[in-house]
Colleague: 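My structure is below; once you've seen it, I'll send some questions.
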Amino acid sequence: MVAQMEKQHVLLTGANGFTASHILSILLERGYAITATFPDFTGQQPFDEVFRNAEVPFAFVIHTASPITLQAEDMQKRVIETAVVGVIEILRSAHRYGGTDLKRFVLLSSAGTVLNSFEDIARPGSPYTEEDWNPVTAQQALERRDGVLGYLVSKVQAERAAWEFMKMNSPAFDLTVMDPHLITGPMMYPISGMSSINATNYFVFANLIDGVYKDGPEDVRFPFYHFVDVRDVARSHVDALTNPAAASQRVLLVSERMTPQLVANIIRKHFPSLRERVPEGNPAQTLSYGVHPTGWDTRISQDILATGSVDGQWS
């Protein structure tokens with residue numbers, strides 16, 4: 001899709017995705033001209049063609065296209081390698097054909113590149129910051145056949161590859177990496193049932209409604225205990241296009257703590273028709289026994305986000 005090419009031109013990859021569809025809506029609202037790609041391009045040729053065929057040069061790139069699956073089959077090829085190749089190839093095309101018109105490349109990564117997948121959940125550690133990196137490896141994910149670990153490895157390796165590309169090639173554009181925690185919130189496109197709900201919403205909400213956690217939320221363990229709203233994530237990406245403070249920065253997007261019991265409490269309070277399908281658990285005990293997740297220090301990221309927002313504030 002190409003629209004209104006006389007305005008600042010943005011390349012948005014993976015535009016039919018959960019987060020990217022919100023980004024697309026804000027870009028349109030703010031009057032950007034947009035070229036949107038929909039498949040998860042991973043080869044060099046499609047990106048080369050997108051840049052070469054642009055009637056007006058791109059001023060910005062927002063790259064969101066990346067494999068999102070928690071299935072463990074062939075993680076190395078389908079998830080890890082695909083994510084890394086996709087990031088490197090679009091950066092190469094941007095460097096080769098973007099010229100001096102291209103000012104910034106914004107990459108949707110994940111707070112999973114920051115947190116420690118092997119933290120002691122029984123005791124909180126030092127709050128995570130923009131300086132931290134998840135130590136998880138592909139070997140660990142493959143040996144355990146753990147789809148969540150495989151996905152996190154793909155995000156770590158892709159983001160590290162992006163920073164290394166910038167260091168080695170010094171392109172004319174700069175890089176901003178957005179690291180959101182588990183993204184939840186409303187979906188922009190219609191759904192036909194449980195099977196068409198995006199992965200994170202399904203994991204957090206639909207499983208409780210669908211009876212997967214029949215024994216109650218107190219016995220459920222989440223791999224992540226914080227979330228961020230998809231609308232904030234989308235706004236942060238569009239703000240980052242022209243935010244001088246975001247240049248060459250990792251930006252953490254972490255809102256509040258989220259636990260299975262909190263989710264159950266909210267569903268049962270606000271959606272009475274679902275009360276019988278969602279176990280009550282212990283509403284007063286929002287953290288399961290023995291669970292004390294590490295928190296986040298996002299003060300630097302908050303300052304960056306505030307600088308780029310329309311009114312100079314961010315919450």
Colleague: Give the intermediate values and the outcome of side chain to side chain contact (heavy atoms under 4.5 Å, CB included) for residues Asn201 and Phe18.
Modeller: CA-CA 10 Å; Asn201 275 333; Phe18 171 48; 3.6 Å; yes

Colleague: Which label fits His181 and His226: parallel for a plane angle under 30°, tilted from 30 to 60°, or perpendicular past 60°?
Modeller: tilted

Colleague: Is there a donor-acceptor contact under 3.5 Å from the side chain of Lys103 to the main chain of Asp101?
Modeller: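 Such a contact is found between Lys103 side chain and Asp101 backbone.
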
Colleague: Say whether Met187 and Val263 are linked into one hydrophobic cluster, either directly or through other cluster members, by side-chain heavy-atom distances under 4.5 angstrom.
Modeller: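 As far as the 4.5 Å side-chain criterion goes, Val263 and Met187 are connected within one cluster.
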
Colleague: Hydrophobic clustering (ILVMFWY, side-chain heavy atoms < 4.5 Å, transitive) - are Leu262 and Phe205 grouped together?
Modeller: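 Shared cluster, no.
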
Colleague: Does some side-chain heavy atom of Pro180 sit less than 4.5 Å from a side-chain heavy atom of Leu108?
Modeller: yes

Colleague: Just so I know, are the side chains of Val61 and Phe173 near enough to count as touching, which here means a heavy-atom distance under 4.5 Å?
Modeller: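 The answer is no, as the side chains (C-beta and beyond) never meet within the 4.5 Å cut-off.
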
Colleague: Let's go through Asp239 and Trp314 carefully: what are the C-alpha distance in whole Å and the side-chain angles of both, what is the deciding distance for side chain to side chain contact (heavy atoms under 4.5 Å, CB included) to 0.1 Å, and is it a yes or a no?
Modeller: CA-CA 11 Å; Asp239 286 351; Trp314 184 272; 3.8 Å; yes

Colleague: Is Glu130 close to Gln249 at the side-chain level, that is, under 4.5 Å between some pair of heavy atoms?
Modeller: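 When only atoms from C-beta onward are counted, Glu130 and Gln249 do not touch, as no gap falls below 4.5 Å.
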
Colleague: Heavy atoms only: give me the nearest Thr294-Pro127 pair and the separation to one decimal.
Modeller: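 Smallest interatomic distance, heavy atoms only, reads CG2-CA, 4.1 Å.
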
Colleague: Aromatic contact between Tyr97 and Phe58, with the criterion being ring centroids under 6.0 Å apart: yes or no?
Modeller: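 Not close enough - the centres of the two rings lie 6.0 Å or further apart.
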
Colleague: For the residue pair Thr35 / His9, report whether a side-chain donor-acceptor contact shorter than 3.5 Å exists.
Modeller: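 Yes, a side-chain donor-acceptor pair sits under 3.5 Å.
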
Colleague: Looking at every non-hydrogen atom in both residues, tell me the closest pair between Ala138 and Gln76 and how far apart they are.
Modeller: CB-OE1, 3.8 Å

Colleague: Is there a side chain to side chain contact (heavy atoms under 4.5 Å, CB included) between Tyr189 and Asn16 once you walk through the steps?
Modeller: CA-CA 9 Å; Tyr189 42 85; Asn16 57 330; over 6 Å; no

Colleague: Within the structure provided, determine whether Ser154 and Leu152 are in side-chain contact (heavy-atom separation under 4.5 Å).
Modeller: no

Colleague: How long is the gap from CG on Asp210 to OH on Tyr202, to the nearest 0.5 Å?
Modeller: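 Going from the CG atom of Asp210 to the OH atom of Tyr202 covers 4.5 Å.
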
Colleague: Taking CZ in Arg30 as the centre, count heavy atoms belonging to other residues, nucleotides or ligands within less than 6.0 Å. Is the count above 12?
Modeller: yes

Colleague: Hey, quick one: are Phe224 and Leu287 part of the same hydrophobic cluster, counting side-chain heavy atoms closer than 4.5 Å, chains of contacts allowed?
Modeller: yes

Colleague: Determine the minimum heavy-atom distance between Asp48 and Arg96, stating which atoms define it.
Modeller: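 Looking at all heavy atoms of both residues, the shortest contact is OD1-NH1, 3.2 Å.
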
Colleague: In the structure I gave you, are the side-chain heavy atoms of Val177 and Trp163 within less than 4.5 Å of one another anywhere?
Modeller: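 Side chain of Val177 against side chain of Trp163, heavy atoms only: contact under 4.5 Å found.
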
Colleague: Do His95 and Arg92 come close enough that some side-chain heavy atom pair is under 4.5 Å?
Modeller: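 In short, these two side chains do not touch, never coming nearer than 4.5 Å.
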
Colleague: Identify the two heavy atoms, one from Ala83 and one from Ala158, that lie closest to each other, and give their separation to 0.1 Å.
Modeller: O-CB, 3.9 Å

Colleague: Please tell me if the side chains of Ile209 and Phe271 come closer than 4.5 Å, counting only heavy atoms from C-beta onward.
Modeller: no

Colleague: Between Ile266 and Ile197, is there shared hydrophobic-cluster membership here, with clusters defined by ILVMFWY side-chain heavy atoms closer than 4.5 Å?
Modeller: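 Ile266 does not cluster with Ile197.
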
Colleague: How about CZ on Phe118, more than 12 heavy atoms from neighbouring residues, nucleotides or ligands closer than 6.0 Å, or not?
Modeller: yes

Colleague: Can you tell me if Asp297 and Thr129 form a side-chain donor-acceptor pair at under 3.5 Å?
Modeller: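 No - no donor-acceptor pair under 3.5 Å links their side chains.
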
Colleague: Does some side-chain heavy atom of Phe227 sit less than 4.5 Å from a side-chain heavy atom of Val204?
Modeller: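 No, too far: nothing below the 4.5 Å cut-off.
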
Colleague: Taking everything shown except Ile300 itself, do over 12 heavy atoms lie less than 6.0 Å from its CD1?
Modeller: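 Check fails, neighbour count at 12 or below.
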
Colleague: If you apply the rule side chain to side chain contact (heavy atoms under 4.5 Å, CB included), what do you find for His292 with Arg123, and how did you get there?
Modeller: CA-CA 5 Å; His292 301 282; Arg123 61 184 70 182; 5.6 Å; no

Colleague: If you take all heavy atoms of Trp133 and Glu159, which pair is closest and at what distance?
Modeller: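 Heavy atoms only, the tightest pair is CH2-OE2, 3.4 Å.
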
Colleague: Does Arg250 pair with Asp132 as a salt bridge, N-O distance under 4.0 Å?
Modeller: no

Colleague: Are Ile23 and Leu28 grouped together when hydrophobic residues (ILVMFWY) are joined by side-chain heavy atoms under 4.5 angstrom apart?
Modeller: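 Looking at the clustering, Leu28 is in the same group as Ile23.
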
Colleague: Do the rings of Phe47 and His63 sit parallel, tilted or perpendicular, given the 30° and 60° boundaries?
Modeller: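 Because their plane-to-plane angle is over 60°, the rings of Phe47 and His63 count as perpendicular.
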
Colleague: Using every non-hydrogen atom in the two residues, find where Ser93 and Phe51 come nearest and quote the distance to one decimal.
Modeller: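 Taking every non-hydrogen atom into account, CB-CD1, 3.8 Å.
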
Colleague: Checking side chain to side chain contact (heavy atoms under 4.5 Å, CB included) against Ile304, which of Val251, Thr176, Leu252 comes through?
Modeller: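 The option that passes is Val251.
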
